[in-house]
J.: 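Here it is: the structure, laid out below.
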Amino acid sequence: MRVSKLLLATLKESPSDAEVISHKLMLRAGMVRKLASGLYTWLPLGLRVLRKVENIIREELNRVGSQEVLMPATQPSELWKESGRWEQYGPELLRMKDRHGREFCFGPTHEEVITDMVRNELRSYKQLPASFYQIQTKFRDEIRPRFGIMRSREFLMKDAYSFHIDEVSLNETYEEMHSTYCKIFDRIGLDYRPVQADTGSIGGNASHEFHVLADSGEDDIAFSSNSDYAANIEFAEAVAPAIERPAAKKEMELIDTPNAKTINDLVEQFKLNIEDTVKTLIVHANEETENTLVALLVRGDHELNEIKAEKLTGVASPLCFATDEEIRDAIGAGPGSLGPVKLSIPCVVDRSVAIMSDFSAGANIDGKHYFGINWERDLTLPEVADIRNVVEGDPSPDGKGTLSIKRGIEVGHIFQLGKKYSEALKATVLDDKGKATVMTMGCYGIGVSRVVASAIEQNHDDKGIIWPESIAPFQVVITPMNMHKSDTLKPIAEKLYNDLKDSDIDVLFDDRKERAGIMFADMELIGIPHRIVLGDRSLEKGLVEYKGRRDADNTEIALDDIVQFIKDKLS
RNA sequence: CGGGAUAUAGCGCAGCCUGGUAGCGCAUCUGGUUUGGGACCAGAGGGUCCGGUGUUCGAAUCACCGUAUCCCGACCA
């Protein structure tokens with residue numbers, strides 16, 4: 001490709017609405033342009049990268065026998081009503097009507113459509129296991145699209161679905177997909193981790209997310225210091241402390257705390273250790289119980305884990321915090337003065353709260369707290385459960401080492417779905433006894449466009465993007481100096497360009513009549529991994545200059561050797 | 001959905017407070033001089049000042065109502 005024929009839309013300054021580095025650089029490098037909130041046009045340079053990521057994914061999935069299909073982005077509401085998700089999915093599902101008033105949605109995912117296809121096409125257990133994938137545009141009407149392509153409303157996703165006669169077969173394919181995902185992200189050149197994840201509302205047995213480690217990530221990942229254990233903080237178990245509850249040393253006292261509305265106020269005003277305080281959160285109870293509200297207690301310095309909380313049998317799912325009025329009606333005191341002592345509603349305490357002694361909490365009387373509370377002596381210990389987020393330094397759930405926490409960008413997610421969709425849509429095959437059997441399913445996603453942004457988050461410097469070899473829009477750029485003025489240089493540049501093209505190398509030829517500084521700055525901004533500079537000075541000696549995008553200095557290479565040199569670099 | 005901010009040329013911004021001919025830098029086009037790290041000189045083109053309503057002799061500027069975008073939060077007491 002000649003730069004003179006390429007829409008090279010680089011910018012010196014980044015648009016003011018870009019926040020994270022990948023967003024800024026994608027705009028500055030002329031990879032994407034925003035059309036509206038969460039909607040982006042991929043310009044030629046960006047699309048080349050996107051296509052390279054797609055192709056790596058395609059190759060690896062084809063290798064394990066997954067078959068590519070392409071389903072419509074527009075899906076009829078009937079299928080979604082059949083699965084129950086038309087009502088469940090909420091406002092993230094973009095719904096629309098056609099001219100006849102028939103309802104459709106723009107697909108945020110394709111479990112319904114693939115299951116419909118498979119129930120119509122697969123008849124026998126002999127056709128299983130089978131897996132299908134597509135690389136296609138999804139639409140999710142995000143509450144808050146942000147970080148450019150990272151969380152956009154329309155985005156490119158690879159979604160795969162597998163179908164099985166039983167769980168054993170599902171497990172095999174799941175493991176195969178797990179290692180295929182590792183190969184894909186290895187080939188792309190990302191620093192990533194597979195992490196255990198919550199199976200969420202869909203249910204199912206196992207789930208792993210693939211996270212690219214980056215500070216701009218929106219998820220917290222817990223890692224063990226001494227093992228491979230890694231889990232999304234939503235899922236990571238906060239193990240029960242091994243120690244016994246210390247004996248009570250203090251009497252319980254009712255203290256006036258008129259100006260302490262938060263745990264931090266209390267700690268500051270009364271010089272308490274935050275580890276000796278308890279906060280009380282009031283949520284709606286499960287409607288099937290006789291209660292309306294439930295209190296959840298975590299240590300003052302801990303955070304409630306909503307995913308864990310909503311799994312408690314007595315708690316409403318999804319989790320819903322009580323309003324101030326509801327709290328006041330039920331307890332007689334407002335937020336800021338709540339606690340377990342003489343509490344009129346059921347209570348669940350975190351494991352770490354259960355081993356506290358001499359602790360402080362609200363008195364359920366406005367402006368008052370109890371200090372020196374002790375379980376069993378002052379009140380009975382209620383239900384104990386793991387309801388908090390793990391924190392840095394917690395013991396690893398696998399018993400090896402302690403946890404540290406890093407930010408991650410979720411680029412892939414694999415899931416053992418089970419029979420949720422196949423049952424709802426009655427997707428059956430005949431088993432070896434001729435009996436109709438509901439298929440077991442797995443699903444596997446990769447955010448293709450998000451992979452591109454993540455790669456930039458991990459690979460950039462103050463000059464711009466530094467593409468991993470495998471997904472660079474071009475592998476090599478030729479930058480001739482003053483080509484338009486030199487009769488000897490031009491034919492050499494043209495020949496080198498053709499030789500590299502003939503070697504199946506993605507080569508970009510900067511044939512613009514621009515000054516050296518502009519060429520260098522542009523090519524560094526768009527992140528081409530290898531650069532060859534042609535200049536009269538060194539050509540007189542039969543030399544060209546080579547510089548890798550991460551190199552500090554030029555290397556001189558004989559003109560006759562440069563094609564082989566580049567081939568060696570790329571292999 | 002709640003809070004905050006912003007909206008002026010393709011991009012980055014000034015002008016608004018104190019109403020009176022819409023500006024600067026980058027980018028673009030023309031000519032010239034330059035040419036190994038984002039050149040210089042001269043000239044040119046490009047505007048629904050987000051939209052609407054109001055106040056006023058006169059509104060980018062003041063008031064009100066919308067819209068869009070970005071950030072933070074979304075119940076963690």
Side-chain angles (χ1 to χ4, degrees), chain A residues 7-20 23-24 27-28 30 33-39 90-91 141-148 151 218 257 260-267 277-284 295-310 318-328 331 333-339 350 361-362 364 366-367 369 387-389 462-464 479-486 489 510 512-525 531 533-539 544-545 547 553-554:
Chain A
L7 176 59
L8 184 69
T10 54
L11 304 170
K12 270 193 190 174
E13 292 165 297
S14 43
S16 53
D17 51 11
E19 187 76 6
V20 296
H23 188 198
K24 286 181 186 167
L27 291 169
R28 285 193 53 212
R33 288 291 184 259
K34 185 172 76 173
L35 179 65
S37 178
L39 302 175
D141 202 354
E142 293 280 350
I143 300 178
R144 182 144 90 91
R146 60 179 131 183
F147 303 154
R151 181 173 292 283
E218 295 185 271
T257 56
K261 295 285 178 229
T262 67
I263 289 289
N264 285 339
D265 293 344
L266 193 69
V267 166
T277 62
V278 163
K279 53 185 173 186
T280 305
L281 313 170
I282 310 298
V283 300
H284 287 187
L296 304 174
L297 269 63
V298 296
R299 216 169 70 185
D301 57 327
H302 286 158
E303 273 182 14
L304 181 72
N305 181 312
E306 298 191 13
I307 307 271
K308 292 174 182 175
E310 69 188 23
L319 196 70
C320 179
F321 283 83
T323 63
D324 286 10
E325 292 76 42
E326 287 170 331
I327 294 173
R328 202 162 278 284
I331 302 173
S337 302
L338 302 177
D350 185 63
N364 301 322
D366 280 329
H369 281 74
I387 56 170
R388 68 172 172 99
N389 283 335
D462 56 346
K463 291 178 179 147
T479 48
M481 300 289 102
N482 303 314
M483 183 169 71
H484 60 287
K485 285 179 76 178
S486 167
L489 204 152
D510 200 344
R512 293 176 297 174
K513 195 176 160 184
E514 287 291 357
R515 301 162 62 86
I518 289 180
M519 288 182 176
F520 294 156
D522 273 343
M523 295 305 129
E524 281 159 351
L525 176 59
R531 182 180 82 189
V533 178
L534 300 179
D536 278 330
R537 264 186 343 221
S538 43
L539 277 178
V544 302
E545 291 156 43
K547 187 169 176 293
D553 299 301
N554 284 312

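Throughout, protein chains are lettered first and strands after them, A, B, ... in sequence-line order, and every chain is numbered starting at 1.
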J.: Take atom CG of A/Leu281 and atom P of B/A74, then tell me their distance rounded to the nearest Å.
T.: 13 Å
J.: Between B/C11 atom C1' and A/Lys24 atom NZ, what is the distance in whole Å?
T.: 15 Å
J.: Find which nucleotide of RNA chain B each of A/His302 and A/Pro15 is nearest to by heavy atoms, and output the residue with the more 5' nucleotide.
T.: A/Pro15
J.: Counting only side-chain N and O atoms of A/Ser16, is one of them less than 4.0 Å from OP1 or OP2 of B/C13?
T.: yes
J.: Quickly work out the A/Arg144 CZ to B/U69 P distance and round it to whole Å.
T.: 13 Å
J.: Base, sugar-phosphate or nothing for A/Ser14? Non-hydrogen atoms, less than 4.0 Å.
T.: sugar-phosphate
J.: With sequence neighbours excluded, what pairs up with A/Lys24 under the side chain to side chain contact (heavy atoms under 4.5 Å, CB included) test?
T.: A/Ser14, A/Ala18
J.: Applying side chain to side chain contact (heavy atoms under 4.5 Å, CB included), name anything that partners A/Glu218, two or more places apart in sequence or on another chain.
T.: A/Arg146, A/Phe147, A/Arg151
J.: Does A/Arg146 put a side-chain nitrogen or oxygen below 4.0 Å from OP1 or OP2 of B/C72?
T.: yes
J.: Between A/Glu303 (CD) and B/C75 (C1'), how many Å, whole number?
T.: 13 Å
J.: Quick one: A/Glu19 CD to B/U6 P, roughly how many Å, whole number?
T.: 16 Å
J.: Quick one: list whatever passes side chain to side chain donor-acceptor pair (under 3.5 Å) with A/Asp366, sequence neighbours left out.
T.: A/Arg328
J.: For A/Ala521, enumerate each residue passing the side chain to side chain contact (heavy atoms under 4.5 Å, CB included) test, keeping only those at least two apart in sequence or located in another chain.
T.: none
J.: What is the pairing partner of B/C29, taking Watson-Crick or G-U wobble pairs with both distances under 3.5 Å in any strand?
T.: B/G43
J.: Just call it for A/Leu296: base, sugar-phosphate, or nothing, with non-hydrogen atoms closer than 4.0 Å on any strand.
T.: nothing
J.: Mind checking A/Leu304 for me? I need base, sugar-phosphate or nothing, with any heavy atom below 4.0 Å counting as a touch.
T.: base
J.: Report the residues that fulfil side chain to side chain donor-acceptor pair (under 3.5 Å) with A/Glu19, sequence neighbours left out, ordered by chain and then residue number.
T.: none
J.: Check if the side chain of A/Glu306 and the base of B/C76 share a donor-acceptor pair of N or O atoms closer than 3.5 Å.
T.: yes
J.: When the P atoms of B/C16 and B/G10 are considered, how many whole Å apart are they?
T.: 23 Å
J.: Round to a whole Å and report the spacing from CD of A/Glu13 to P of B/A14.
T.: 12 Å
J.: Who pairs with A/Arg388 by salt bridge (charged side-chain N to carboxylate O under 4.0 Å, His left out), at least two apart in sequence or on another chain?
T.: A/Asp350, A/Asp394
J.: Indicate for each nucleotide in nucleotides 44-51 of chain B, in 5' to 3' sequence, whether protein heavy atoms under 4.0 Å reach the base (B), only the sugar-phosphate (S), or nothing (-).
T.: --------
J.: B/C11 P sits how many Å from A/Lys34 NZ, rounded?
T.: 10 Å
J.: Which residue pairs satisfy the salt bridge (charged side-chain N to carboxylate O under 4.0 Å, His left out) criterion with at least one member in residues 9-18 of chain A, sequence neighbours excluded?
T.: A/Asp17-A/Lys34
J.: Would you indicate what A/Leu27 reaches in the nucleic acid, counting non-hydrogen atoms under 4.0 angstrom: base, sugar-phosphate, or nothing?
T.: nothing
J.: What one-letter contact string describes nucleotides 31-38 of chain B from 5' to 3', where B marks a base within less than 4.0 Å of any protein heavy atom, S marks contact via sugar-phosphate atoms alone, and - marks no contact?
T.: ---BBBBB
